[in-house]
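Below: one structure, written as structure tokens.
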Amino acid sequence: MTKYWLMKTEPTTFSIDDLETSEEQTTSWEGVRNYQARNTLRDEIQVGDRVLFYHSACKEPAVVGTATVVRSGYPDIHAFDRRHKYFDPKSDPAKPTWYMVDIQLEQKLDTPVTLKAMRGQAKLEGMVLLQKGSRLSVQPVKKKEFDTVLKMAAV
DNA sequence: GCCAACGTTGGC
DNA sequence: GCCAACGTTGGC
């Protein structure tokens, strides 16, 4: 069954425009270094799942597009590369600590759904993103929440 | 740039 | 195993 997720990225690092201009509009989602998010990437996300693409730590935090999962969890090889910024000496290639998935752009929203707008929407009250101190970079979204966000974009 | 919230590290 | 110190996230 299709599941729904939200993935955060700082647009200065990797934005929706970067995804749009990627080959086949597809990218690997590497560099997640949080165990809870790792578990999600490794164990839960399946091909065909849908993703809200969220820009964080920027002028206007917002959901800016949607993506679909085209490859489920596999080891984050950047953790093994000594010179890479995502290198982690504790990750053993024989038993990787970190995982990634591949996502493909579905649509870039004409109207981003801002964090502010989402906070004003009663239907999104329970959304993980909106909880106090929520820092998870890969987080579950309910179907109803996913649909509500998309509806808000189509104004 | 500030700072609250959170996760991780490491001494004991 | 506790918990203080530290580093990071991310909204404002």
Does a side-chain N or O from A:K132 land closer than 4.0 Å to OP1 or OP2 of B:dA4, or not?
no
Rounded off to whole Å, could you give me the OH-to-C1' distance for the A:Y54 and C:dG10 pair?
8 Å
Report the distance from atom NZ of A:K8 to atom P of C:dT8, rounded to the nearest whole Å.
17 Å
List the atom pairs, donor and acceptor, that lie under 3.5 Å between side-chain atoms in residues 60-71 of chain A and the rest of the protein, sequence neighbours left out.
from  : atom 1 : to     : atom 2 : distance (Å)
A:T66 : OG1    : A:E106 : OE1    : 3.0
A:T66 : OG1    : A:Q107 : N      : 3.3

Separation of atom CG in A:L115 from atom P in C:dT9, rounded to whole Å
18 Å
Let's go through A:T27 and A:D102 carefully: what are the C-alpha distance in whole Å and the side-chain angles of both, what is the deciding distance for side chain to side chain contact (heavy atoms under 4.5 Å, CB included) to 0.1 Å, and is it a yes or a no?
CA-CA 6 Å; A:T27 188; A:D102 290 353; over 6 Å; no
What is the distance, rounded to the nearest whole Å, between atom CZ of A:R135 and atom P of B:dC3?
18 Å
Rounding to an integer number of Å, can you tell me how far A:L136 CG sits from C:dT8 P?
18 Å
From CG of A:N34 over to P of B:dC6, roughly how many Å is that when rounded to an integer?
13 Å
note: A:W98, atom CH2; B:dT8, atom C1'; distance rounded to Å ~ 10 Å
Knowing that exactly one of A:R38, A:R42, A:R33 qualifies, which makes a side-chain contact (heavy atoms from CB on, under 4.5 Å) with A:D76?
A:R33
Given the side-chain rings of A:Y35 and A:W98, with only the six-membered ring counted for Trp, is the space between their centroids under 6.0 Å?
yes
Check the distance between B:dG7's C1' and A:R38's CZ and give it to me in whole angstrom.
14 Å
B:dC6 phosphate, OP1 or OP2, under 4.0 Å from A:Y35 side-chain N/O:
no
